[in-house]
Amino acid sequence: MRALLVPSGSIDLSPVELLLRQIGLTPTRAGDDEAAIAAFRMAPYPLVLLGMDEAGDRIVLLRALRASPRGMQASLVLVARPEQMEKLQPLLDAGADDFLLLPLDEASAAVRLRLAERRSSERPAPVPDDFELDGLCAVLLRESPVPTCITTREGQAFVEVNDACTRLFGYAREEMLWRTAKDLNLWETPIEPDRLSAIFREQGVLRGVESRVRTKSGELRHVLVYSGIAEYAGTPHVVTMFPDLTERKHMQARLLLADRMASVGTLAAGVAHEINNPLAYVTANLGYAHEEMIRLLERSPATLPDGLATSSPLKSVCVALGEALHGADRVRTIVGDLKTFSRETQEPLRAVDVKKVLDSTLNLASGEIRHRARLVKEYGENVPPVRGNDSRLGQVFLNLLVNAAQAIPSDGDADLHEIRVATRVVAPGRVAVEVSDTGAGIAPELLGRIFDPFFTTKPPGVGTGLGLSICHNLIHTMGGELHVHSDLGRGTTFQVLLPAATTPLEEPAPEQRPVASTGGPRGRVLVIDDEPMLCSAVERILRPHHDVVYTTLAAEVLPRLEAGEHFDLILCDLMMPRMNGMDFHAALQRLRPELTGRVIFLTGGAFTAQAKTFLEKVPNRRVEKPFNARALLAVAREVLGATG
């Protein structure tokens with residue numbers, strides 16, 4: 001039998017060579033490691049003896065020999081000095097069969113060499129490639145989409161990995177063979193192998209145990225671990241499969257995010273509705289008081305009650321009421337912005353004014369921006385409407401604006417930084433919306449990954465890595481593109497390209513023109529709203545011009561209507577407990593159909609699908625909460641005039 005000797009600078013293999021000849025083996029010396037690998041691949045040796053080097057590092061050579069043709073059949077024996085004993089165990093785990101210590105105890109060394117010779121002869125030769133059954137097994141292993149590896153029972157060194165396994169972990173096959181999972185740091189935590197081993201010892205197999213592995217790049221991936229004992233090269237080995245759960249986890253995260261965003265939308269809708277009710281009577285009462293104060297100040301001093309004059313304090317009260325109305329109007333705008341994000345994103349694409357959506361979104365993002373940077377708006381002239389969806393675009397613009405703000409230090413001087421929002425036509429039928437910042441910028445090596453799901457450069461707890469991915473998908477579904485340009489240390493620009501709309505913008509409902517408070521016929525008005533103070537505010541506005549009756553429960557008024565009680569006009573809240581405006585309208589259709597055309601719906605803007613469908617079907621006028629006194633009086637006068 002032939003034996004290959006691989007010397008090292010610190011080990012003299014002459015005694016081993018002499019002993020080999022004495023027991024009838026034919027030794028051949030290799031000049032160095034590379035020569036040893038080349039010689040072994042050309043004509044594999046049943047027995048290889050490796051001299052330990054000073055560092056005790058022979059793992060690379062061991063793995064290379066094991067990965068060679070017939071490498072599994074050979075016996076690999078280490079030759080070391082006693083002081084190198086502590087360095088032997090990792091090498092034995094990596095594939096070495098045995099070891100000899102210098103100086104040699106010839107009797108025991110001869111026995112160990114004979115055992116190594118026997119071990120090699122007892123190992124079955126590799127099956128020829130043209131052997132049908134094992135050839136089929138080899139093809140199945142190689143072509144399987146499931147990452148699969150074969151490891152030794154002792155030491156758990158990789159002896160075979162398929163292509164799917166190398167793709168999962170990011171290592172080349174040569175990098176994995178005869179190395180262990182511990183060597184490659186493949187598990188998320190050091191205690192994970194112990195956990196899996198305990199389950200394996202208890203059950204004899206691993207059947208779909210969920211775990212997380214680490215790739216060469218450091219990315220953590222979710223997998224299911226299936227392991228069992230199978231014969232390979234004539235001896236029992238461990239076969240392990242890793243179905244990759246990462247995409248499923250990503251999908252679950254996307255679904256969770258969608259649920260969370262839907263919940264936020266529902267919350268926004270509810271908040272908008274709840275704010276609109278008190279805001280409606282705050283605005284109505286402020287408007288009423290402001291109007292009365294103006295009317296009082298416009299009267300001549302001779303007609304004023306005793307003790308009142310157009311003094312500076314009275315004018316100051318009027319100014320204060322006007323400022324309060326302005327503040328309430330700002331709250332109304334914020335509520336309107338919330339409505340944009342509470343709408344269903346499955347609405348059909350239509351013509352959208354990007355300037356309007358940007359202004360609405362900037363109102364929501366102002367808290368993030370104002371303390372970090374100056375806001376500059378550059379809206380180009382003659383920018384046409386785009387084909388899109390206002391709520392989806394609002395979501396995209398808000399994400400880009402918040403990202404721009406967070407790219408700028410929060411503890412710096414806001415005057416030194418700038419966030420610029422621009423719109424322009426870049427080509428016929430193409431509109432660009434750009435959000436630029438003067439923040440930290442993005443490293444060139446990261447630019448290609450920023451739209452990848454779950455990739456983020458933000459610290460834990462700040463970013464999920466999903467925002468830009470979702471933005472990219474939303475823009476893509478609208479037929480647009482999302483691009484990025486960044487200079488590290490100088491800032492970043494995100495560009496949204498959108499197709500111009502081929503249909504005109506939908507005309508908004510015409511604003512009601514102010515009317516004189518004394519104009520129009522006086523009528524008897526029924527007000528139905530579950531908010532008592534809103535009823536009082538409406539009654540206060542209408543009282544000088546109409547006779548008003550109000551109730552907080554729609555069902556209470558039905559017997560009166562059934563009995564024939566007369567009303568010229570009915571103001572009814574759409575969303576109420578017990579009996580809502582839709583149910584009231586249906587009951588009115590049965591009891592007093594002639595009154596259905598006299599109903600004006602008061603709406604808070606947060607509708608169910610049923611409410612949306614209802615409002616699309618009925619021709620009745622509606623007044624959006626919060627409303628001002630003039631608008632309410634104008635609609636009431638219009639309906640009374642039309643039905644009178």
Salt bridge between [X] and [Y], side-chain N to carboxylate O under 4.0 Å?
| X | Y | answer |
| --- | --- | --- |
| Asp530 | Arg578 | no |
| Asp359 | Lys377 | yes |
| Arg374 | Glu418 | yes |
| Arg424 | Glu434 | yes |
| Arg167 | Asp244 | no |

Are [X] and [Y] packed together at the side-chain level, in the sense that at least one heavy-atom pair is separated by less than 4.5 angstrom?
| X | Y | answer |
| --- | --- | --- |
| Pro243 | Tyr226 | yes |
| Ser536 | Tyr281 | no |
| Ile408 | Ile419 | yes |
| Thr503 | Arg350 | no |
| Ile528 | Met576 | yes |
| Leu542 | Leu633 | yes |
| Arg221 | Val213 | yes |

Practice task
Indicate yes or no for a side-chain donor-acceptor contact from Thr603 to the backbone of Lys625 under 3.5 Å, with no hydrogens or angles considered.
Solution key: no
Handout entry: Over all atoms of both residues, closest heavy-atom pair of Ala405 and Arg372
Key = O-CD, 2.9 Å
Exercise for the section: Compute whether any side-chain donor of one residue and acceptor of the other, for His485 and Thr493, lie under 3.5 angstrom apart. Expected result: no
Problem - More than 12 heavy atoms from other groups under 6.0 Å of CZ on Arg387 - result: no
Exercise for the section: Please work out whether the ring planes of His585 and Phe614 are parallel, tilted or perpendicular, with thresholds of 30° and 60°. Expected result: perpendicular
Completion exercise
Per side-chain contact (heavy atoms from CB on, under 4.5 Å), Asp529 is matched among Thr552, Leu574, Leu602 by Leu602
Problem - Ring-ring centroid check Phe158 Tyr171, cutoff 6.0 Å - result: no
